[in-house]
There are 2 protein chains.
Amino acid sequence: MAKSITKEKRQERIREKISINPFISDEQLSKLFKVSIQTIRLDRLEMGIPEMRKRVIQLAQNASSKVKALNKNEIIGDLIDIELGRSGISTMRTTKEMAFDKNKLVRSHYIFSLADSLAMAIIDADIVLTGTARLRYKHPVYVGQLLIAKARIATKKGNKLLVSVHISCDHVEVFTAKIIMVSLDGEHKTPDFN
Amino acid sequence: MAKSITKEKRQERIREKISINPFISDEQLSKLFKVSIQTIRLDRLEMGIPEMRKRVIQLAQNASSKVKALNKNEIIGDLIDIELGRSGISTMRTTKEMAFDKNKLVRSHYIFSLADSLAMAIIDADIVLTGTARLRYKHPVYVGQLLIAKARIATKKGNKLLVSVHISCDHVEVFTAKIIMVSLDGEHKTPDFN
DNA sequence: CACCTATTAATGGTTACTATTAACTGATAG
DNA sequence: CTATCAGTTAATAGTAACCATTAATAGGTG
(Lines give C-alpha, C1' and ligand atoms only; values in the text may rest on other atoms or scores of the structure.)
Protein backbone atom coordinates (compact mmCIF):
# COMPACT_ATOMS: atom_id res chain seq x y z
CA MET A 1 0.00 0.00 0.00
CA ALA A 2 2.18 2.79 -1.28
CA LYS A 3 -0.84 5.07 -1.33
CA SER A 4 -0.10 8.52 0.08
CA ILE A 5 -2.60 8.52 2.96
CA THR A 6 -5.63 6.61 4.12
CA LYS A 7 -9.18 7.69 3.57
CA GLU A 8 -9.62 8.32 7.26
CA LYS A 9 -6.65 10.59 7.54
CA ARG A 10 -7.59 12.46 4.42
CA GLN A 11 -11.03 13.11 5.81
CA GLU A 12 -9.57 14.38 9.04
CA ARG A 13 -7.34 16.74 7.15
CA ILE A 14 -10.18 17.88 4.93
CA ARG A 15 -12.20 18.73 8.02
CA GLU A 16 -9.26 20.70 9.35
CA LYS A 17 -8.67 22.54 6.11
CA ILE A 18 -12.30 23.55 5.89
CA SER A 19 -12.44 24.73 9.46
CA ILE A 20 -9.41 26.91 8.84
CA ASN A 21 -10.59 28.18 5.46
CA PRO A 22 -14.31 27.60 4.95
CA PHE A 23 -14.13 29.30 1.55
CA ILE A 24 -12.23 26.48 -0.09
CA SER A 25 -14.01 24.69 -2.94
CA ASP A 26 -14.07 20.99 -3.70
CA GLU A 27 -11.87 21.57 -6.72
CA GLN A 28 -9.20 23.27 -4.65
CA LEU A 29 -9.38 20.48 -2.09
CA SER A 30 -9.05 17.85 -4.80
CA LYS A 31 -5.89 19.48 -6.05
CA LEU A 32 -4.54 19.82 -2.54
CA PHE A 33 -5.00 16.17 -1.69
CA LYS A 34 -4.36 14.93 -5.22
CA VAL A 35 -7.59 12.99 -5.48
CA SER A 36 -10.53 13.43 -7.78
CA ILE A 37 -13.27 15.92 -7.08
CA GLN A 38 -15.70 13.02 -6.63
CA THR A 39 -13.65 11.63 -3.79
CA ILE A 40 -13.76 14.96 -2.04
CA ARG A 41 -17.51 15.04 -2.45
CA LEU A 42 -17.90 11.55 -1.10
CA ASP A 43 -15.76 12.56 1.83
CA ARG A 44 -17.86 15.60 2.58
CA LEU A 45 -20.98 13.52 2.24
CA GLU A 46 -19.71 10.96 4.71
CA MET A 47 -18.69 13.64 7.16
CA GLY A 48 -21.87 15.62 6.72
CA ILE A 49 -20.04 18.78 5.71
CA PRO A 50 -22.14 21.00 3.46
CA GLU A 51 -20.90 22.52 0.23
CA MET A 52 -18.82 25.67 0.23
CA ARG A 53 -21.65 28.03 -0.63
CA LYS A 54 -23.80 26.83 2.20
CA ARG A 55 -20.88 27.05 4.58
CA VAL A 56 -20.30 30.63 3.58
CA ILE A 57 -23.95 31.53 3.94
CA GLN A 58 -24.04 30.00 7.39
CA LEU A 59 -20.93 31.90 8.35
CA ALA A 60 -22.32 35.17 7.10
CA GLN A 61 -25.64 34.58 8.80
CA ASN A 62 -24.49 33.80 12.28
CA ALA A 63 -21.83 36.46 11.99
CA SER A 64 -24.42 39.09 11.17
CA SER A 65 -26.68 37.88 13.95
CA LYS A 66 -23.76 38.16 16.32
CA VAL A 67 -23.14 41.73 15.28
CA LYS A 68 -26.79 42.51 15.85
CA ALA A 69 -26.65 40.86 19.25
CA LEU A 70 -23.66 42.96 20.13
CA ASN A 71 -25.48 46.13 19.17
CA LYS A 72 -28.56 45.02 20.99
CA ASN A 73 -26.48 44.72 24.12
CA GLU A 74 -27.31 48.15 25.37
CA ILE A 75 -27.97 46.42 28.62
CA ILE A 76 -25.21 44.00 29.38
CA GLY A 77 -26.46 40.88 31.04
CA ASP A 78 -30.08 39.81 31.33
CA LEU A 79 -32.42 41.89 33.37
CA ILE A 80 -34.48 39.48 35.39
CA ASP A 81 -36.20 41.76 37.84
CA ILE A 82 -36.64 45.50 38.05
CA GLU A 83 -38.37 47.99 40.25
CA LEU A 84 -37.82 51.21 38.37
CA GLY A 85 -36.39 53.94 40.54
CA ARG A 86 -35.52 51.51 43.30
CA SER A 87 -33.70 48.29 42.52
CA GLY A 88 -32.97 45.59 39.98
CA ILE A 89 -31.37 42.23 39.42
CA SER A 90 -29.55 41.00 36.34
CA THR A 91 -27.46 38.00 35.46
CA MET A 92 -24.65 37.26 33.06
CA ARG A 93 -23.06 34.00 32.05
CA THR A 94 -19.37 34.65 31.54
CA THR A 95 -17.92 33.38 28.28
CA LYS A 96 -14.44 32.75 27.00
CA GLU A 97 -14.65 35.93 24.94
CA MET A 98 -14.69 37.88 28.18
CA ALA A 99 -11.57 36.30 29.57
CA PHE A 100 -7.85 36.22 29.08
CA ASP A 101 -6.88 33.32 26.90
CA LYS A 102 -4.19 32.02 29.18
CA ASN A 103 -5.78 31.85 32.60
CA LYS A 104 -9.53 31.96 31.90
CA LEU A 105 -9.93 34.88 34.27
CA VAL A 106 -12.77 37.16 33.31
CA ARG A 107 -11.52 40.63 32.53
CA SER A 108 -12.54 43.15 35.11
CA HIS A 109 -14.28 45.57 32.81
CA TYR A 110 -16.91 42.99 31.89
CA ILE A 111 -17.86 42.79 35.53
CA PHE A 112 -17.97 46.55 35.75
CA SER A 113 -20.11 46.63 32.60
CA LEU A 114 -22.68 44.40 34.20
CA ALA A 115 -22.82 46.60 37.29
CA ASP A 116 -22.85 49.86 35.38
CA SER A 117 -25.54 48.73 32.96
CA LEU A 118 -27.77 47.54 35.72
CA ALA A 119 -27.30 50.76 37.65
CA MET A 120 -28.35 52.68 34.54
CA ALA A 121 -31.30 50.46 33.90
CA ILE A 122 -32.97 50.98 37.23
CA ILE A 123 -32.89 54.77 37.02
CA ASP A 124 -36.06 56.32 35.73
CA ALA A 125 -34.68 59.07 33.48
CA ASP A 126 -34.10 59.71 29.79
CA ILE A 127 -30.38 60.12 29.92
CA VAL A 128 -28.18 58.68 32.62
CA LEU A 129 -24.46 59.14 32.87
CA THR A 130 -21.93 57.59 35.15
CA GLY A 131 -20.36 60.20 37.41
CA THR A 132 -18.01 58.57 39.85
CA ALA A 133 -17.62 55.03 41.02
CA ARG A 134 -15.86 52.97 43.63
CA LEU A 135 -15.22 49.42 42.57
CA ARG A 136 -14.10 46.52 44.68
CA TYR A 137 -13.08 43.28 43.04
CA LYS A 138 -13.21 40.77 45.85
CA HIS A 139 -12.65 37.47 44.11
CA PRO A 140 -11.55 36.43 40.64
CA VAL A 141 -14.23 35.24 38.22
CA TYR A 142 -13.66 32.44 35.78
CA VAL A 143 -15.11 31.59 32.39
CA GLY A 144 -18.46 29.84 32.53
CA GLN A 145 -19.58 31.16 35.88
CA LEU A 146 -22.97 32.78 36.28
CA LEU A 147 -22.89 36.21 37.81
CA ILE A 148 -25.85 37.66 39.67
CA ALA A 149 -25.93 41.41 40.08
CA LYS A 150 -28.16 43.24 42.50
CA ALA A 151 -28.44 46.99 42.47
CA ARG A 152 -30.29 49.41 44.72
CA ILE A 153 -30.65 53.16 44.63
CA ALA A 154 -29.32 54.29 48.01
CA THR A 155 -29.72 58.04 47.98
CA LYS A 156 -30.98 60.77 45.68
CA LYS A 157 -29.78 64.36 45.72
CA GLY A 158 -31.02 66.51 42.88
CA ASN A 159 -29.96 64.85 39.67
CA LYS A 160 -27.41 62.66 41.42
CA LEU A 161 -28.16 59.15 42.54
CA LEU A 162 -26.02 56.81 44.51
CA VAL A 163 -26.45 53.24 43.41
CA SER A 164 -24.89 50.31 45.17
CA VAL A 165 -24.28 47.13 43.23
CA HIS A 166 -23.33 43.72 44.51
CA ILE A 167 -22.31 40.93 42.21
CA SER A 168 -22.08 37.38 43.44
CA CYS A 169 -21.29 34.03 42.00
CA ASP A 170 -22.19 30.77 43.73
CA HIS A 171 -23.25 32.73 46.82
CA VAL A 172 -19.85 34.36 47.05
CA GLU A 173 -19.65 38.09 46.63
CA VAL A 174 -17.10 38.75 43.91
CA PHE A 175 -17.60 42.44 43.32
CA THR A 176 -19.23 45.48 44.90
CA ALA A 177 -19.56 49.01 43.63
CA LYS A 178 -20.94 52.33 44.66
CA ILE A 179 -21.75 54.35 41.62
CA ILE A 180 -22.95 57.91 41.46
CA MET A 181 -25.08 58.37 38.40
CA VAL A 182 -26.16 61.68 36.94
CA SER A 183 -29.58 61.86 35.36
CA LEU A 184 -30.43 64.38 32.67
CA ASP A 185 -34.13 64.62 32.33
CA GLY A 186 -35.87 66.67 29.67
CA GLU A 187 -34.93 70.38 29.98
CA HIS A 188 -31.25 70.75 30.88
CA LYS A 189 -29.31 68.66 28.40
CA THR A 190 -25.85 69.90 29.33
CA PRO A 191 -24.45 67.57 31.93
CA ASP A 192 -23.74 69.02 35.32
CA PHE A 193 -20.65 67.32 36.59
CA ASN A 194 -19.90 69.42 39.68
CA MET B 1 -47.57 57.17 -16.79
CA ALA B 2 -49.50 54.69 -14.74
CA LYS B 3 -46.29 52.75 -14.17
CA SER B 4 -45.87 51.69 -10.55
CA ILE B 5 -42.58 53.43 -9.76
CA THR B 6 -39.67 55.00 -11.60
CA LYS B 7 -36.42 53.28 -12.31
CA GLU B 8 -34.63 55.58 -9.91
CA LYS B 9 -36.93 54.82 -7.02
CA ARG B 10 -36.84 51.13 -7.70
CA GLN B 11 -33.07 51.18 -7.61
CA GLU B 12 -33.09 53.04 -4.33
CA ARG B 13 -35.41 50.47 -2.85
CA ILE B 14 -33.38 47.60 -4.23
CA ARG B 15 -30.32 49.04 -2.56
CA GLU B 16 -32.24 49.27 0.70
CA LYS B 17 -33.59 45.75 0.46
CA ILE B 18 -30.14 44.35 -0.17
CA SER B 19 -28.60 46.25 2.69
CA ILE B 20 -31.26 44.88 5.02
CA ASN B 21 -31.11 41.35 3.66
CA PRO B 22 -27.95 40.70 1.66
CA PHE B 23 -28.99 37.10 1.10
CA ILE B 24 -31.79 38.00 -1.31
CA SER B 25 -31.41 36.68 -4.87
CA ASP B 26 -32.25 38.48 -8.11
CA GLU B 27 -35.22 36.21 -8.59
CA GLN B 28 -36.69 37.12 -5.24
CA LEU B 29 -36.12 40.79 -5.95
CA SER B 30 -37.78 40.50 -9.32
CA LYS B 31 -40.87 39.05 -7.70
CA LEU B 32 -40.84 41.69 -5.01
CA PHE B 33 -40.74 44.59 -7.43
CA LYS B 34 -42.75 42.85 -10.13
CA VAL B 35 -40.19 43.36 -12.85
CA SER B 36 -38.20 40.85 -14.84
CA ILE B 37 -35.04 39.33 -13.52
CA GLN B 38 -33.12 41.10 -16.27
CA THR B 39 -34.25 44.47 -15.02
CA ILE B 40 -32.97 43.65 -11.56
CA ARG B 41 -29.65 42.64 -13.03
CA LEU B 42 -29.40 45.82 -15.05
CA ASP B 43 -30.18 47.74 -11.90
CA ARG B 44 -27.48 46.00 -9.92
CA LEU B 45 -25.05 46.56 -12.77
CA GLU B 46 -25.82 50.28 -12.85
CA MET B 47 -25.47 50.56 -9.09
CA GLY B 48 -22.36 48.43 -8.96
CA ILE B 49 -23.86 45.96 -6.53
CA PRO B 50 -22.31 42.50 -6.84
CA GLU B 51 -24.32 39.31 -7.10
CA MET B 52 -25.71 37.63 -4.02
CA ARG B 53 -23.00 35.00 -3.69
CA LYS B 54 -20.25 37.57 -3.73
CA ARG B 55 -22.10 39.70 -1.22
CA VAL B 56 -22.39 36.73 1.10
CA ILE B 57 -18.73 35.85 0.74
CA GLN B 58 -17.75 39.41 1.55
CA LEU B 59 -20.00 39.39 4.57
CA ALA B 60 -18.59 36.14 5.82
CA GLN B 61 -15.04 37.31 5.27
CA ASN B 62 -15.11 40.60 7.05
CA ALA B 63 -17.29 39.12 9.75
CA SER B 64 -14.72 36.46 10.49
CA SER B 65 -11.93 39.03 10.47
CA LYS B 66 -13.94 41.13 12.92
CA VAL B 67 -14.29 38.21 15.27
CA LYS B 68 -10.55 37.69 15.15
CA ALA B 69 -9.97 41.36 15.84
CA LEU B 70 -12.28 41.19 18.81
CA ASN B 71 -10.39 38.28 20.27
CA LYS B 72 -7.13 40.05 19.66
CA ASN B 73 -8.35 42.92 21.80
CA GLU B 74 -6.70 41.75 24.95
CA ILE B 75 -5.44 45.26 25.29
CA ILE B 76 -8.17 47.72 24.59
CA GLY B 77 -6.92 50.74 22.74
CA ASP B 78 -3.52 51.11 21.12
CA LEU B 79 -0.46 51.17 23.29
CA ILE B 80 1.71 53.95 21.96
CA ASP B 81 4.28 54.30 24.69
CA ILE B 82 5.24 52.18 27.65
CA GLU B 83 7.79 52.21 30.38
CA LEU B 84 7.21 48.88 32.04
CA GLY B 85 6.76 49.16 35.77
CA ARG B 86 6.34 52.92 35.60
CA SER B 87 3.95 54.45 33.08
CA GLY B 88 2.24 54.13 29.73
CA ILE B 89 0.14 55.90 27.15
CA SER B 90 -2.55 54.44 24.95
CA THR B 91 -5.19 55.80 22.64
CA MET B 92 -8.59 54.72 21.44
CA ARG B 93 -10.80 56.08 18.73
CA THR B 94 -14.38 55.78 19.92
CA THR B 95 -16.78 54.15 17.48
CA LYS B 96 -20.52 53.98 17.16
CA GLU B 97 -20.44 50.42 18.50
CA MET B 98 -19.30 51.84 21.82
CA ALA B 99 -22.14 54.30 22.15
CA PHE B 100 -25.82 54.46 22.81
CA ASP B 101 -27.72 54.58 19.57
CA LYS B 102 -29.86 57.52 20.47
CA ASN B 103 -27.48 60.11 21.81
CA LYS B 104 -24.06 58.99 20.54
CA LEU B 105 -22.68 59.06 24.06
CA VAL B 106 -19.90 56.57 24.60
CA ARG B 107 -20.85 54.04 27.24
CA SER B 108 -18.88 54.46 30.41
CA HIS B 109 -17.48 50.95 30.59
CA TYR B 110 -15.55 51.42 27.35
CA ILE B 111 -13.72 54.27 28.96
CA PHE B 112 -13.04 52.20 32.04
CA SER B 113 -11.82 49.38 29.82
CA LEU B 114 -9.24 51.64 28.26
CA ALA B 115 -8.03 52.75 31.67
CA ASP B 116 -8.05 49.29 33.18
CA SER B 117 -6.26 47.68 30.25
CA LEU B 118 -3.56 50.30 30.26
CA ALA B 119 -3.10 49.96 34.00
CA MET B 120 -2.63 46.23 33.54
CA ALA B 121 -0.28 46.63 30.66
CA ILE B 122 2.25 48.74 32.50
CA ILE B 123 2.61 46.33 35.39
CA ASP B 124 5.51 43.96 35.09
CA ALA B 125 3.95 40.74 36.37
CA ASP B 126 2.53 37.52 34.99
CA ILE B 127 -0.94 37.87 36.36
CA VAL B 128 -2.51 41.15 37.29
CA LEU B 129 -5.97 41.58 38.77
CA THR B 130 -7.97 44.66 39.43
CA GLY B 131 -8.55 45.09 43.14
CA THR B 132 -10.40 48.30 43.82
CA ALA B 133 -10.94 51.39 41.76
CA ARG B 134 -12.21 54.92 42.01
CA LEU B 135 -13.55 56.30 38.79
CA ARG B 136 -14.47 59.85 37.93
CA TYR B 137 -16.28 60.59 34.73
CA LYS B 138 -15.76 64.31 34.26
CA HIS B 139 -17.19 64.97 30.81
CA PRO B 140 -19.27 62.97 28.37
CA VAL B 141 -17.48 61.42 25.41
CA TYR B 142 -19.05 61.22 21.96
CA VAL B 143 -18.62 58.86 19.05
CA GLY B 144 -15.63 59.57 16.88
CA GLN B 145 -13.53 61.26 19.50
CA LEU B 146 -9.97 60.17 20.11
CA LEU B 147 -9.18 59.36 23.69
CA ILE B 148 -5.68 59.57 25.12
CA ALA B 149 -5.02 57.64 28.28
CA LYS B 150 -2.00 58.17 30.51
CA ALA B 151 -1.25 55.88 33.37
CA ARG B 152 1.41 55.97 36.06
CA ILE B 153 2.23 53.65 38.90
CA ALA B 154 1.98 55.82 42.00
CA THR B 155 2.83 53.49 44.86
CA LYS B 156 3.79 49.87 45.42
CA LYS B 157 3.11 47.92 48.58
CA GLY B 158 3.83 44.26 48.43
CA ASN B 159 1.80 42.82 45.61
CA LYS B 160 -0.48 45.86 45.49
CA LEU B 161 0.08 48.72 43.13
CA LEU B 162 -1.75 51.99 42.94
CA VAL B 163 -2.10 53.18 39.37
CA SER B 164 -3.52 56.52 38.42
CA VAL B 165 -5.00 56.96 34.99
CA HIS B 166 -6.04 60.13 33.24
CA ILE B 167 -7.98 60.11 30.01
CA SER B 168 -8.35 63.21 27.95
CA CYS B 169 -9.93 64.17 24.71
CA ASP B 170 -9.06 67.38 22.84
CA HIS B 171 -7.00 68.51 25.81
CA VAL B 172 -9.97 68.16 28.13
CA GLU B 173 -9.75 65.64 30.91
CA VAL B 174 -12.81 63.44 30.59
CA PHE B 175 -11.99 60.71 33.07
CA THR B 176 -9.65 59.93 35.91
CA ALA B 177 -9.19 56.79 37.93
CA LYS B 178 -7.19 55.44 40.77
CA ILE B 179 -6.91 51.72 40.47
CA ILE B 180 -5.34 49.32 42.90
CA MET B 181 -4.03 46.33 41.04
CA VAL B 182 -2.95 43.06 42.57
CA SER B 183 -0.06 41.25 40.96
CA LEU B 184 0.35 37.51 41.24
CA ASP B 185 3.84 36.59 40.28
CA GLY B 186 5.04 33.04 39.91
CA GLU B 187 4.75 31.11 43.20
CA HIS B 188 1.53 32.01 44.98
CA LYS B 189 -1.24 31.57 42.46
CA THR B 190 -4.13 32.04 44.86
CA PRO B 191 -5.09 35.66 44.86
CA ASP B 192 -4.66 37.53 48.09
CA PHE B 193 -7.45 40.01 48.33
CA ASN B 194 -7.04 41.18 51.90
C1' DC C 1 -9.83 -16.11 -8.66
C1' DA C 2 -13.61 -13.84 -6.63
C1' DC C 3 -14.68 -10.20 -3.75
C1' DC C 4 -14.56 -5.88 -1.64
C1' DT C 5 -13.27 -1.13 -0.75
C1' DA C 6 -11.82 2.98 -2.48
C1' DT C 7 -11.59 5.74 -6.12
C1' DT C 8 -12.74 7.73 -10.41
C1' DA C 9 -15.71 8.55 -14.40
C1' DA C 10 -19.83 9.69 -16.75
C1' DT C 11 -24.13 11.72 -17.18
C1' DG C 12 -27.81 14.75 -16.09
C1' DG C 13 -29.76 18.25 -13.26
C1' DT C 14 -29.58 22.56 -10.19
C1' DT C 15 -28.93 27.55 -8.68
C1' DA C 16 -27.63 31.88 -9.38
C1' DC C 17 -25.54 34.12 -11.80
C1' DT C 18 -22.52 37.09 -16.33
C1' DA C 19 -22.48 38.81 -20.91
C1' DT C 20 -24.36 39.89 -25.19
C1' DT C 21 -27.73 40.72 -28.66
C1' DA C 22 -32.18 41.48 -29.89
C1' DA C 23 -37.03 42.57 -29.51
C1' DC C 24 -40.66 45.15 -27.61
C1' DT C 25 -43.37 49.12 -25.41
C1' DG C 26 -44.79 53.63 -24.44
C1' DA C 27 -43.88 58.39 -24.44
C1' DT C 28 -41.89 62.42 -26.61
C1' DA C 29 -40.01 65.50 -30.21
C1' DG C 30 -39.84 67.02 -34.73
C1' DC D 1 -47.85 60.80 -37.70
C1' DT D 2 -43.70 58.67 -37.47
C1' DA D 3 -38.90 58.35 -35.92
C1' DT D 4 -36.51 57.88 -31.92
C1' DC D 5 -35.19 56.86 -27.34
C1' DA D 6 -35.33 55.05 -22.51
C1' DG D 7 -36.72 51.42 -20.16
C1' DT D 8 -37.85 46.89 -20.04
C1' DT D 9 -37.99 42.14 -21.32
C1' DA D 10 -36.51 38.06 -23.90
C1' DA D 11 -33.36 34.83 -25.73
C1' DT D 12 -29.17 32.56 -25.90
C1' DA D 13 -24.68 30.99 -24.49
C1' DG D 14 -21.55 30.35 -20.89
C1' DT D 15 -19.83 30.02 -15.90
C1' DA D 16 -18.88 28.05 -11.02
C1' DA D 17 -19.83 24.96 -7.84
C1' DC D 18 -22.33 22.09 -6.67
C1' DC D 19 -26.01 17.22 -5.99
C1' DA D 20 -27.44 12.64 -7.24
C1' DT D 21 -27.03 8.44 -9.46
C1' DT D 22 -24.96 4.72 -11.89
C1' DA D 23 -21.15 2.56 -13.65
C1' DA D 24 -16.40 1.42 -14.35
C1' DT D 25 -11.82 0.53 -12.60
C1' DA D 26 -7.83 -0.40 -9.59
C1' DG D 27 -5.65 -2.72 -5.69
C1' DG D 28 -5.39 -5.55 -2.10
C1' DT D 29 -7.23 -9.64 0.79
C1' DG D 30 -9.04 -14.03 1.93
Side-chain angles (χ1 to χ4, degrees), chain A residues 1-71, chain B residues 1-69:
Chain A
M1 207 207 265
K3 286 299 292 293
S4 39
I5 46 165
T6 66
K7 185 184 176 180
E8 208 180 338
K9 285 200 175 174
R10 188 187 56 237
Q11 291 195 352
E12 254 181 69
R13 293 186 53 194
I14 287 173
R15 177 168 274 140
E16 255 183 76
K17 265 286 164 204
I18 289 176
S19 81
I20 295 168
N21 172 205
F23 302 96
I24 199 164
S25 70
D26 289 355
E27 202 189 340
Q28 288 174 294
L29 283 167
S30 83
K31 277 172 190 164
L32 236 158
F33 292 102
K34 296 195 171 87
V35 291
S36 74
I37 215 167
Q38 286 83 352
T39 305
I40 296 291
R41 281 170 190 167
L42 266 176
D43 286 341
R44 270 199 304 101
L45 199 78
E46 282 176 23
M47 293 190 285
I49 295 174
E51 59 171 294
M52 181 266 274
R53 289 157 179 174
K54 292 189 177 156
R55 293 195 303 263
V56 170
I57 286 175
Q58 254 192 335
L59 257 182
Q61 273 177 336
N62 67 31
S64 66
S65 74
K66 254 183 203 167
V67 171
K68 273 175 203 157
L70 251 158
N71 286 349
Chain B
M1 208 207 265
K3 285 301 290 295
S4 39
I5 45 164
T6 65
K7 184 183 176 183
E8 208 180 339
K9 284 199 175 175
R10 188 187 57 238
Q11 292 196 350
E12 256 180 69
R13 294 186 52 196
I14 288 173
R15 176 169 277 142
E16 256 183 78
K17 265 287 165 204
I18 289 176
S19 83
I20 295 169
N21 172 203
F23 302 95
I24 199 166
S25 70
D26 289 355
E27 201 187 342
Q28 287 174 294
L29 282 168
S30 83
K31 277 172 189 163
L32 237 160
F33 292 102
K34 297 193 170 90
V35 291
S36 73
I37 213 168
Q38 286 82 353
T39 305
I40 297 292
R41 282 171 187 165
L42 266 176
D43 286 342
R44 269 199 305 101
L45 199 77
E46 282 177 24
M47 293 190 286
I49 295 174
E51 59 169 296
M52 180 266 275
R53 290 159 178 173
K54 291 189 179 159
R55 292 195 303 263
V56 170
I57 287 176
Q58 253 193 335
L59 258 181
Q61 274 177 334
N62 68 32
S64 63
S65 72
K66 253 183 202 167
V67 172
K68 275 173 203 160

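What you see is a predicted model; the values in this text were computed from it and never measured. In what follows, every chain begins at residue 1, and chains take the letters A, B, ... in the order their sequences are listed.
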When every nucleotide of nucleotides 8-21 of chain C is labelled 5' to 3' by its protein contacts under 4.0 Å (heavy atoms), B for base, S for sugar-phosphate only, - for none, what sequence of letters results?
BB-----BBBB---
Could you check how far CD1 of A:Ile57 sits from P of D:dC18, rounded to whole Å?
12 Å
Rounded interatomic separation in angstrom, taking NZ from B:Lys7 and P from D:dT9:
12 Å
For A:Gln28 and D:dC18, give me the distance from atom CD to atom C1', rounded to whole Å.
14 Å
State, yes or no, whether a side-chain contact exists between B:Arg44 and B:Arg41 at a heavy-atom distance under 4.5 Å.
yes
Could you tell me if the side chain of A:Ile24 sits less than 4.5 Å from the side chain of A:Arg55, heavy atoms only?
yes
For B:Phe23 and B:Gln28, work out which heavy atoms get closest and say how close.
O-OE1, 4.1 Å
Does atom CD (B:Glu8) have a neighbourhood of more than 12 heavy atoms from anything else shown, all under 6.0 Å?
no
B:Leu32 and B:Arg13, any side-chain heavy atoms less than 4.5 Å apart:
no
